[in-house]
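Below: one structure, written as structure tokens.
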2 protein chains.
Amino acid sequence: MTQPRPAGQHTVRRHNSALVLGAIATAPGISRAGVAARTGLTKATVSSLVDRLIGAGLVHDAGPEQRPGPGRRGTSLSLSPAGPHGLGVEIGVDYLATCLVDLTGAVRHERIRPVDNRFRPVADVCTDVAAALDEELREAAGAQVTVGGIGVAVPGLVEASTGLLRRAPNLDWHDVDIPAELRGRVSLPDAAILVGNEANFAALAELWTGGHDDLHDFVHVSGEIGIGAGIVIGAELFSGVRGFGGELGHFPVDSDGPHCPCGARGCLERLAGQDAILERAGAADLDALLDRLATGDGAATGAARHAAARLGIALSSVVNLLDVPAVVLGGTYARLYPWLAEPLRAELGARVLSASWSPVGVVCSTLGTEAAVRGAAASAVRAIVADPDAFMDGR
Amino acid sequence: MTQPRPAGQHTVRRHNSALVLGAIATAPGISRAGVAARTGLTKATVSSLVDRLIGAGLVHDAGPEQRPGPGRRGTSLSLSPAGPHGLGVEIGVDYLATCLVDLTGAVRHERIRPVDNRFRPVADVCTDVAAALDEELREAAGAQVTVGGIGVAVPGLVEASTGLLRRAPNLDWHDVDIPAELRGRVSLPDAAILVGNEANFAALAELWTGGHDDLHDFVHVSGEIGIGAGIVIGAELFSGVRGFGGELGHFPVDSDGPHCPCGARGCLERLAGQDAILERAGAADLDALLDRLATGDGAATGAARHAAARLGIALSSVVNLLDVPAVVLGGTYARLYPWLAEPLRAELGARVLSASWSPVGVVCSTLGTEAAVRGAAASAVRAIVADPDAFMDGR
DNA sequence: CGAGATAGTTTGACGCCTGAACTTATCGAC
DNA sequence: GTCGATAAGTTCAGGCGTCAAACTATCTCG
């Protein structure tokens, strides 16, 4: 819990700077007058704040705007493409991905490297990560832009207060201080390094760059090797008290179901995970499954329906508890969306108490497996946009 | 989602007023200098703010404090017992409770009236509520205090944005505008009326007046006729996006379990609700059950263990999802606590992923069935303490 | 080319916090 | 008993950031 701090004029300026920058971010090309109208601040204040933001290299003045009708043209403002960039890394179970995005979230460079990280020592993996980071840093240097922050997505439980990776079952890591490991291996600028769970970052990427209108509250379910959920409420990530939230994979959905390494029976992961679907369908891999689904194969569609029903049982509990109006299917589930959506909607409609007057939306993720890296990179720049004064004071 | 507003000097004052009043509320008897040290504001600012708060009747100056050592004595500040009071009403299924509390949350008057409200028309019940409110208002008038706000606890789903009671299954009500119904029936001051779910109010009461130290994050489970959960995170209520959150009663805990009116099978409410426990134990009512538990009766203790295990299944999902470090047993469960706690702890320990390094606390509620009314009344005064400027400007 | 409309800047005022000096109050030592 | 040390509370000038209003700049239309 962040303890409340006294407010002063600087607090006001900080708040309003973020307000102005947020307005420019959500409506690129807006004029100072437009920002004033949108935020409720006066033109004078907006001018003063915008000048500061331009001075810090966060906002770009693109000259007079095109607009019909009488009156002087405003100057078109937008987030500066030359401003600080965000660098994202995802330490996946079987790949390593990096990504460089500008302030608007646009991807400038991206690379995915297949590596089997299962049970590799922390030091080895971090050396790889450092090399991958160096590559992106050179990319940034070549484009004459600075890196304002780094986001690291990991498949495990990250403690919010310390940034420690507490458990990563599929990597067999525990209690790893990733920022510390990296700082020793790569010539980083004094940028902030923030570590987070991949499912959470993926949910944020979907929120920011998924292209869904007015989707500020949802649960993003990513079916990868495990099943993780990212909860977004009020356009903000909700990751629980200590950051360990969103663990959906071990929701019990069948008291007679198969045993799970976690000790319980009938965990969602065992019944609706990627491996479970493939096995039930008798398909070798995801591509084979998709082929057979496309031809209307009975076993394949049956497996999808079965998984969707189990997913619906778990998600209906989530919706009843959190009252989120929509579910986003990501990761593997995004590719299976056409076959999952209907049975999932049916299950949710039957089990969610508020569904009778307010049905739960089921939406397909637009970002694929890259969602997590994108989210990690975007988080770094979002942190700057959300609090530009902190960034400006820091340098 | 509340859209961000521009900040000005008034925002600063508002924030700091709340900060100062909060410091006085959490440390009664503190001096101006103490508040300054605790909040980080200067003595000058604190003096100015405190004077305003005293002027508004929110803070009481109790003369010089007792303290050893040299130096001038500070003046002892505390929330004014003569300040605005909070009035709470709970429309229960089989009772109607009212409660009047002062700014500190201390109960000044309380009354519970047994009434069977099942399936009574809205108008009839609201007439009773109005009469009960009038009684408390006369009480307040007799004590020369004003009522600063009214909280209404109801057993149903309340929409946060509108304050409408959407569904109350056990009353058979839907879409009731309780503030509107009341304003026509009782001579209210222009006080704010806030309607909320009883489980949520109960959780807040536990947070504020439960006497638990450093318990700012928990799920409060109240086992009454239904099973409701109030989620408190960061010392604030989390009631979901639209306010319908916390519905725990229909979590599926046994895929072979009995059918539930909701349409599903094996809902928690059917397996761990008060009626289910009594039936399994073969007890006529709760007192009979407690008697038999006290004697170590096998059927009774077995029924308790059985319910606790089912409750554990549902709560472990909640904890995995929200990462709350503690569970508070309230309502009927509070009375059964000695027999529920151990099996519940065992179930949570086995099913919660983070339990291995951070066990989930299981705590007994200290407030009984009065928690909800208390919470409703306290909410009204908390709203004033949390934002005193809004209260001061309003009058 | 001038009236009207819209964008952006300048200027003075106001509110609120801050820091330092000042007043008030109490204790302990001589 | 008086003096000095210590702490609480008040007063006052100063700074900062927003606001309102006046002013300048630019564009369209008649």
Side-chain angles (χ1 to χ4, degrees), chain A residues 4-21 23-24 27 29-55 59 61-78 388-389 392-393, chain B residues 4-20 23-24 27 29-55 59 61-77 388-389 392-393:
Chain A
R5 313 228 96 262
Q9 278 89 326
H10 60 95
T11 316
V12 174
R13 197 151 188 78
R14 185 172 179 162
H15 176 98
N16 289 337
S17 292
L19 196 63
V20 166
L21 195 56
I24 295 172
I30 199 173
S31 66
R32 287 167 171 78
V35 172
R38 175 183 279 253
T39 58
L41 294 163
T42 58
K43 291 187 296 173
T45 305
V46 170
S47 271
S48 153
L49 292 170
V50 165
D51 288 351
R52 256 166 52 102
L53 293 169
I54 290 177
V59 167
D61 184 332
E65 63 181 354
Q66 304 303 325
R67 174 178 55 74
R72 170 178 168 181
R73 267 65 181 136
T75 53
S76 189
L77 302 170
S78 53
D389 271 36
M392 284 151 63
D393 293 348
Chain B
R5 314 226 96 264
Q9 281 90 327
H10 64 279
T11 315
V12 173
R13 197 150 187 78
R14 184 171 179 163
H15 177 98
N16 288 337
S17 291
L19 196 63
V20 167
I24 295 172
I30 199 173
S31 66
R32 286 169 173 77
V35 172
R38 173 184 279 253
T39 59
L41 294 164
T42 58
K43 289 188 297 175
T45 305
V46 170
S47 271
S48 154
L49 291 171
V50 165
D51 287 350
R52 256 166 50 102
L53 293 170
I54 290 177
V59 168
D61 184 332
E65 62 181 356
Q66 302 305 324
R67 175 180 55 75
R72 170 176 168 181
R73 268 65 182 134
T75 51
S76 189
L77 302 171
D389 271 35
M392 284 151 63
D393 293 348

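Values below: every heavy atom of this structure, side chains too, minus hydrogens, waters and symmetry copies. Chain identifiers are assigned alphabetically (A, B, ...) following the order of the sequence lines, protein sequences preceding nucleic acid strands; residue numbering begins at 1 within each chain.
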Taking only N and O in the side chain of [X], is any of them less than 4.0 Å away from OP1 or OP2 of [N]?
X: Asn16(B); N: dC16(C); value: no
X: Thr75(A); N: dG8(C); value: yes
X: Ser31(A); N: dT6(C); value: no
X: Arg73(B); N: dC27(C); value: yes
X: Arg13(A); N: dC16(D); value: no
X: Arg32(B); N: dT10(D); value: yes

Euclidean distance, atom [atom1] of residue [X] to atom [atom2] of [N] [Å, nearest integer]:
X: Leu77(A); N: dA7(C); atom1: CG; atom2: P; value: 12 Å
X: Arg67(A); N: dT26(D); atom1: CZ; atom2: C1'; value: 10 Å
X: Leu41(A); N: dA20(D); atom1: CG; atom2: P; value: 11 Å
X: Glu65(A); N: dT28(D); atom1: CD; atom2: P; value: 12 Å
X: His10(B); N: dA20(D); atom1: NE2; atom2: P; value: 11 Å
X: Gln66(A); N: dC27(D); atom1: CD; atom2: C1'; value: 12 Å

task: Output yes when a side-chain donor or acceptor of Arg38(B) lies under 3.5 Å from a complementary backbone atom of Val20(B), and no otherwise.
output: no
Would the distance check show the side chain of Asn16(B) and the main-chain N or O of Ala7(A) forming a donor-acceptor pair, the cut-off being under 3.5 Å? yes
### Query
Does Asp389(A) reach the side chain of Arg52(A), with side-chain heavy atoms less than 4.5 Å apart?
yes
Residue pair Gly71(B)/Gly71(A) against DNA chain D: nearer the 5' end by closest nucleotide is Gly71(B)
When Pro68(A) and Arg14(A) are each assigned the nearest nucleotide of DNA chain D, the 5'-most assignment goes to Arg14(A)
Of dG9(D), dC16(C), dT26(D), the nucleotide closest to the side chain of Arg72(B) is dG9(D)
What residues 42-53 of chain B contributes to the DNA chain C interface at heavy-atom separation below 4.0 Å is Thr42(B), Ala44(B), Thr45(B)
- Determine whether any donor atom in the side chain of Gln9(A) lies under 3.5 Å from an acceptor atom in the base of dC16(C), or the reverse, and answer yes or no. yes
The reported gap from OG1 in Thr75(A) to CZ in Arg32(A) (rounded to nearest 0.5 angstrom) is 4.0 Å
One should read off an interatomic distance between Asp61(B) CG and Ile54(B) CD1, to the nearest 0.5 angstrom, of 5.0 Å
Decide whether Arg13(B) and Ser48(B) meet the rule of one side-chain donor and one side-chain acceptor closer than 3.5 Å.
yes
Residues Thr42(A) and Thr45(A): closest non-hydrogen pair is OG1-OG1, 2.9 Å
